[in-house]
Number of protein chains: 2
Amino acid sequence: MVQKEAKPRGRPRSFDPDEVLDRARAVFWNLGYAATSLDDLAAATGLNRPSLYAAFGDKHALYMAALDRSRREAGAALSAALATEIPLRQILQVIFDRTVDIYRAGEVGQRGCFLIGTAVTQAVDDPAARDLLSRFIAETDAAFTARFQRSAAELAPGITPAVAGPMASATFHTLAVRARTGVGGPELKAIGRGAVALICGPAPHA
Amino acid sequence: MVQKEAKPRGRPRSFDPDEVLDRARAVFWNLGYAATSLDDLAAATGLNRPSLYAAFGDKHALYMAALDRSRREAGAALSAALATEIPLRQILQVIFDRTVDIYRAGEVGQRGCFLIGTAVTQAVDDPAARDLLSRFIAETDAAFTARFQRSAAELAPGITPAVAGPMASATFHTLAVRARTGVGGPELKAIGRGAVALICGPAPHA
DNA sequence: AGGATTCTTTGCGGAATGGTACAAAAAGAG
DNA sequence: CTCTTTTTGTACCATTCCGCAAAGAATCCT
């Protein structure tokens with residue numbers, strides 16, 4: 001039911017828009033929005049500016065498309081991870097460990113989160129980026145909080161889902177920030193384990 | 001023992017470098033490094049480009065000077081706040097509340113933390129900014145951790161200073177990120193209170 | 001007063017920026 | 001085969017960018 005076989009009329013595209021968006025995002029990811037030039041994007045995607053322009057609009061629209069892709073991907077991954085019914089402590093552990101691996105992926109190995117790493121700077125003067133970032137954070141808070149409500153008994157004593165939810169998001173934020181400074185994976189994962197200890201209480205024993 | 005009265009030889013400066021740095025920082029704070037032009041800085045400081053250049057070096061040196069000022073100011077403020085001997089819970093409460101006020105100060109009211117809000121984007125491709133940001137985070141972690149060691153009994157049960165320290169820093173990070181999206185002060189302060197609850201355990205009762 | 005020294009101002013130049021016009025090219029429709 | 005439609009490549013434009021050179025202005029020293 002994809003029905004993308006609509007037989008377009010004119011000359012066919014010589015590129016896959018999805019892959020192009022991916023490569024463009026990689027550049028924004030490293031440099032941020034303002035420091036990325038159209039020449040950078042053209043070089044990274046292999047196609048020239050008019051093609052980029054025709055496919056995505058201007059530089060800002062391309063950036064927003066990349067941001068939104070990351071928002072949707074991150075949201076889907078988080079929802080999937082939270083949907084399991086294993087103990088909450090293990091869920092969080094897996095989520096944070098995976099997050100660290102993603103934040104340290106890529107050629108440079110310290111890109112962190114695309115949204116936190118670039119849209120935060122952009123947010124003050126760019127309403128579109130700000131709104132998307134707000135939405136991302138709100139969705140993350142909501143996903144954690146809802147899951148914590150289902151397993152409220154597994155939270156640390158006296159901690160409510162409404163308190164733990166934003167602090168789980170906060171763990172993403174600090175990991176994203178620290179990853180961008182070049183901190184190593186083990187050290188980041190240790191911080192993730194510490195966050196789990198605060199949210200769920202210290203590990204039973206050994 | 002300031003001895004800044006060294007009677008400089010030539011024409012005296014028509015501006016106060018400290019104030020100029022402050023105004024320049026305000027521009028970087030809103031726009032980030034890459035999106036700020038020398039014209040923006042000249043307009044905000046009131047002096048023209050060659051004077052800026054002579055006083056601070058190029059744009060990057062000016063940015064680094066602004067970053068380092070924020071790092072020193074934040075470090076001093078944190079050390080001072082942590083030096084008191086009131087209950088740990090209250091100390092953290094005060095620190096996070098004040099932090100929110102600072103993050104929401106300024107004309108736009110949503111600038112967040114200058115370092116987290118702008119240097120994080122810059123960090124991947126700018127070693128100097130990355131190192132300064134690393135140092136800032138390490139110092140913050142260390143200050144919290146050391147203070148927690150002095151009052152380890154006031155931490156939540158089973159939580160060690162080494163775990164709580166980075167999570168106190170993480171609270172700064174999430175507040176900085178959220179502030180830049182325009183979240184209101186009360187909501188931010190509620191997150192700060194939640195962080196205190198996680199670090200020190202839930203409040204005794206009412 | 002006159003020279004030395006430092007800062008300020010004006011204006012410039014080379015490079016890079018985001019964006020676009022236009023013609024050539026590649027496909028389908030008739 | 002010809003016409004239409006869409007994409008591609010080249011070249012270009014106007015603007016903005018950072019940085020600097022050179023001349024003028026303000027102060028100190030002798």
Side-chain angles (χ1 to χ4, degrees), chain A residues 3-21 23-28 30-67 118 121-122 125-129, chain B residues 3-21 23-25 27-28 30-67 118 121-122 125-126 128-129:
Chain A
Q3 78 174 24
K4 252 311 200 289
E5 309 305 322
K7 288 172 190 166
R9 281 276 270 150
R11 176 174 177 170
R13 281 198 165 130
S14 65
F15 60 91
D16 174 12
D18 262 18
E19 190 181 349
V20 164
L21 183 57
R23 293 176 187 269
R25 176 173 62 174
V27 182
F28 283 130
N30 286 338
L31 303 179
Y33 174 74
T36 300
S37 71
L38 285 187
D39 283 334
D40 293 334
L41 295 168
T45 59
L47 41 87
N48 32 32
R49 283 182 303 252
S51 294
L52 267 180
Y53 208 85
F56 298 97
D58 60 5
K59 177 186 169 185
H60 189 260
L62 179 53
Y63 178 64
M64 292 305 301
L67 280 185
T118 73
T121 296
Q122 197 64 11
D125 230 39
D126 182 338
Chain B
Q3 76 176 24
K4 251 314 199 287
E5 307 305 322
K7 287 171 191 166
R9 281 276 269 147
R11 176 173 176 171
R13 280 199 164 127
S14 66
F15 59 91
D16 174 13
D18 262 18
E19 190 181 351
V20 165
L21 183 56
R23 293 177 188 269
R25 177 173 61 175
V27 182
F28 283 130
N30 286 338
L31 304 179
Y33 174 74
T36 300
S37 72
L38 284 189
D39 283 334
D40 292 333
L41 296 169
T45 59
L47 41 85
N48 32 32
R49 285 182 302 255
S51 293
L52 268 179
Y53 208 84
F56 298 97
D58 61 4
K59 177 185 169 186
H60 189 261
L62 180 53
Y63 177 64
M64 292 305 300
L67 279 185
T118 73
T121 297
Q122 197 63 11
D125 231 39
D126 181 339

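Naming: A, B, ... by sequence-line order, numbering from 1 per chain.
- Listed nucleotides: C/dG11, D/dT5, D/dT8. Nearest to the side chain of A/Arg9: D/dT5.
- In this structure, B/Leu47 and B/Leu52 have side chains that are in contact, with non-hydrogen atoms separated by less than 4.5 Å.
- The shortest distance between side-chain heavy atoms of B/Lys59 and B/Phe28 falls below 4.5 Å.
- A sub-4.0 Å separation between OP1 or OP2 of C/dT8 and a side-chain N or O of B/Asn48 is absent.
- OP1 or OP2 of D/dC20 lies within a sub-4.0 Å distance of a side-chain N or O belonging to B/Tyr53.
- Between A/Gln122 and A/Leu67 the shortest side-chain heavy-atom distance does not fall below 4.5 Å.
- Rounded to whole angstrom, the span from the CG atom of B/Leu52 across to the C1' atom of D/dC18 amounts to 12 Å.
- Of the candidate nucleotides C/dT20, D/dT8, D/dC17, D/dC17 has the atom lying nearest to any side-chain atom of B/Asp39.
- The shortest heavy-atom contact between A/Leu31 and B/Asp125 is CD2-OD2, 3.4 Å.
- Of all nucleotides listed (D/dT10, C/dA27, C/dG19), C/dA27 comes nearest to the side chain of A/Pro12.
- When rounded to the nearest whole Å, the span between CG of B/Leu38 and P of D/dC20 equals 11 Å.
- D/dG9 atom C1' lies 16 Å from atom CZ of A/Arg13, rounded to whole Å.
- Taking for each of A/Ala54 and B/Gly10 the nucleotide of DNA chain D with the nearest heavy atom, the 5'-most of the two is the partner of A/Ala54.
- At C/dT8, one or more side-chain N or O atoms of B/Ser51 fall inside 4.0 Å of OP1 or OP2 (strictly under the cut-off).
- In this structure, the CZ atom of A/Phe15 is 15 Å from the P atom of D/dT6, given to the nearest Å.
- Annotation: of the two residues near DNA chain C, B/Arg11 and A/Lys59, the 5′-most nearest-nucleotide partner is B/Arg11.
- Annotation: side chain of A/Thr45 is not in contact with side chain of A/Leu21 (no heavy-atom distance under 4.5 Å).
- Residue A/Asp40 contributes atom CG, which lies 11 Å from atom C1' of C/dT17 at whole-angstrom precision.
- Rounded to a whole Å, the CZ atom of B/Arg49 is 14 Å from the P atom of C/dG13.
- OP1 or OP2 of C/dT17 sits under 4.0 Å from a side-chain N or O of A/Ser37.
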